[in-house]
Student: 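Questions regarding the structure given below will be posed in turn.
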Protein chains: 2
Amino acid sequence: MEAGKIDEAKTEEADDGSDPGRQLEAGAAETTIAYKLRLAQILAFRAFEERLAERGRAPRYLGLLAIIRNHPGQPQSRLAEAVALRRSSLVTILDILTREGLTERRPAPGDRRSNGVWLTEQGEQMVEELLAESQHHDAILTAGNTAEEIKTTLRVLDRVIANLRASQGA
Amino acid sequence: MEAGKIDEAKTEEADDGSDPGRQLEAGAAETTIAYKLRLAQILAFRAFEERLAERGRAPRYLGLLAIIRNHPGQPQSRLAEAVALRRSSLVTILDILTREGLTERRPAPGDRRSNGVWLTEQGEQMVEELLAESQHHDAILTAGNTAEEIKTTLRVLDRVIANLRASQGA
DNA sequence: CTTGAACTGTTCGATGTCGAACAATACGGT
DNA sequence: ACCGTATTGTTCGACATCGAACAGTTCAAG
């Protein structure tokens, strides 16, 4: 796999800040999905959280809350896996969300080890509001792209996630 | 913007774990780019870092290192902006990378406040190796997608990043 | 020249996530 | 019925990132 030669005789010359308005590029790394994925995610997450800062920590954990809404009563370990966080991390998160009155732990009927996690009435309402916000937020994110391009991107991301889950579970 | 009604008469019935092998879905949030973006990024980043754990912290900061290679001598503040991290965070990161012998701070000639950041010889080599690894990693990530789909995704992500940078800088 | 605003790198306390450990519980094989 | 292994939620210490503050420096306006 011979990487294309990108030699530029880079002997000790600084990049003077010509073209001052633009962002610095990462060269070869730019062509990689993982790189742009990270950049986009950090910025998107930060923007969403900042815009809804007054609503407590629910915006940060909207993904989790949405899953709980769609699958009430699931044990914590399955929820952690679903949002790609660790079991131990979810403990604190659920403590917070429960303290804010959005979620609830109930002992699982069949298994005395595990808790089922549920949304409270207030949690249901919060999720509904935040989901509307997230649609709006996504519209801003993806401005300038066609519906077809967005659909393709969603499909690609789905496959990426599936690939990673497969290789990790092994 | 009337959100489509997705009522399912969800009165207090638990989601029994039918279809046990599959992942839990997030319902309406699934259609949003931000959600999948986050999931994919977490998994991709984690996988990449785990696979290259023996190489110190360089894999985590490969994006930064690649930027430094392409733009040697830039001040820390510009680098921070390029990788979407905060100025204060970059201090620790550069401390680490410098301690590992990959980067170097040199006083900027024109401005006594700022440092120019450079790669050491060892840093150059590390970046080259890791970039090759990252190409391989990306190939695994994106398996099952056509070259056209990937190209479209990269283009969409570029626009997403640009949109977020524009709305944030304001 | 002087002065005030803006910028640079830095420190420090707060918060989020992780991995490794642990006790309690479930379960399969013999 | 018993034992070893898995699984679940949890705690705890390590580390990463953040935001707010700060001193040193630059620079433009007067």
Student: Using only side-chain N and O atoms of Arg87(A), determine if any of them is under 4.0 Å from OP1 or OP2 of dG19(C).
Tutor: no
Student: Establish whether the base of dG19(D) is bridged to the side chain of Ser88(B) by a donor-acceptor pair shorter than 3.5 Å.
Tutor: yes
Student: Does Ser89(A) reach a base, just sugar-phosphate, or nothing at all? Heavy atoms under 4.0 Å.
Tutor: base
Student: Of all the choices, dT26(D), dG16(C), dT17(D), which nucleotide is nearest to the side chain of Arg112(B) once you look at every atom?
Tutor: dT26(D)
Student: Looking only at the side chain of Glu50(B) (C-beta and beyond, no hydrogens), which of the listed nucleotides dA16(D), dG19(C), dT10(D) gets closest?
Tutor: dG19(C)
Student: Side-chain N or O of Thr92(A) versus OP1/OP2 of dG16(C): is the shortest distance under 4.0 Å?
Tutor: no
Student: Both conditions, 6.0 Å and 45 degrees, for the charged tip of Arg106(A) above the ring of Trp118(A): are they met here?
Tutor: yes
Student: Out of the candidates Val127(B), Ile93(B), Leu85(B), only one should pair with Leu64(B) under the side chain to side chain contact (heavy atoms under 4.5 Å, CB included) rule; please name it.
Tutor: Ile93(B)
Student: Closest heavy-atom contact between Gly101(A) and Thr120(A)?
Tutor: O-OG1, 2.6 Å
Student: May I ask you to evaluate whether Gln76(A) reaches the phosphate of dT7(D), defined as a side-chain N or O under 4.0 Å from OP1 or OP2?
Tutor: no
Student: Can a donor-acceptor pair under 3.5 Å be found between the side-chain atoms of Arg113(B) and the base atoms of dG9(C)?
Tutor: no
Student: Which nucleotide wins on minimum distance to the side chain of Leu85(B), given the candidates dT10(D), dC18(C), dT17(D)?
Tutor: dT17(D)
Student: Mind checking if Ile93(B) touches a base, just sugar-phosphate, or nothing, with heavy atoms under 4.0 Å?
Tutor: sugar-phosphate
Student: Centre of Phe45(A)'s six-membered ring, under 6.0 Å away, within 45 degrees of the axis: is that where NZ or CZ of Arg38(B) sits?
Tutor: yes
Student: Measuring from the side chain of Ile96(A) (C-beta onward, heavy atoms only), which nucleotide among dT11(D), dT17(D), dG16(C) has the closest atom?
Tutor: dG16(C)
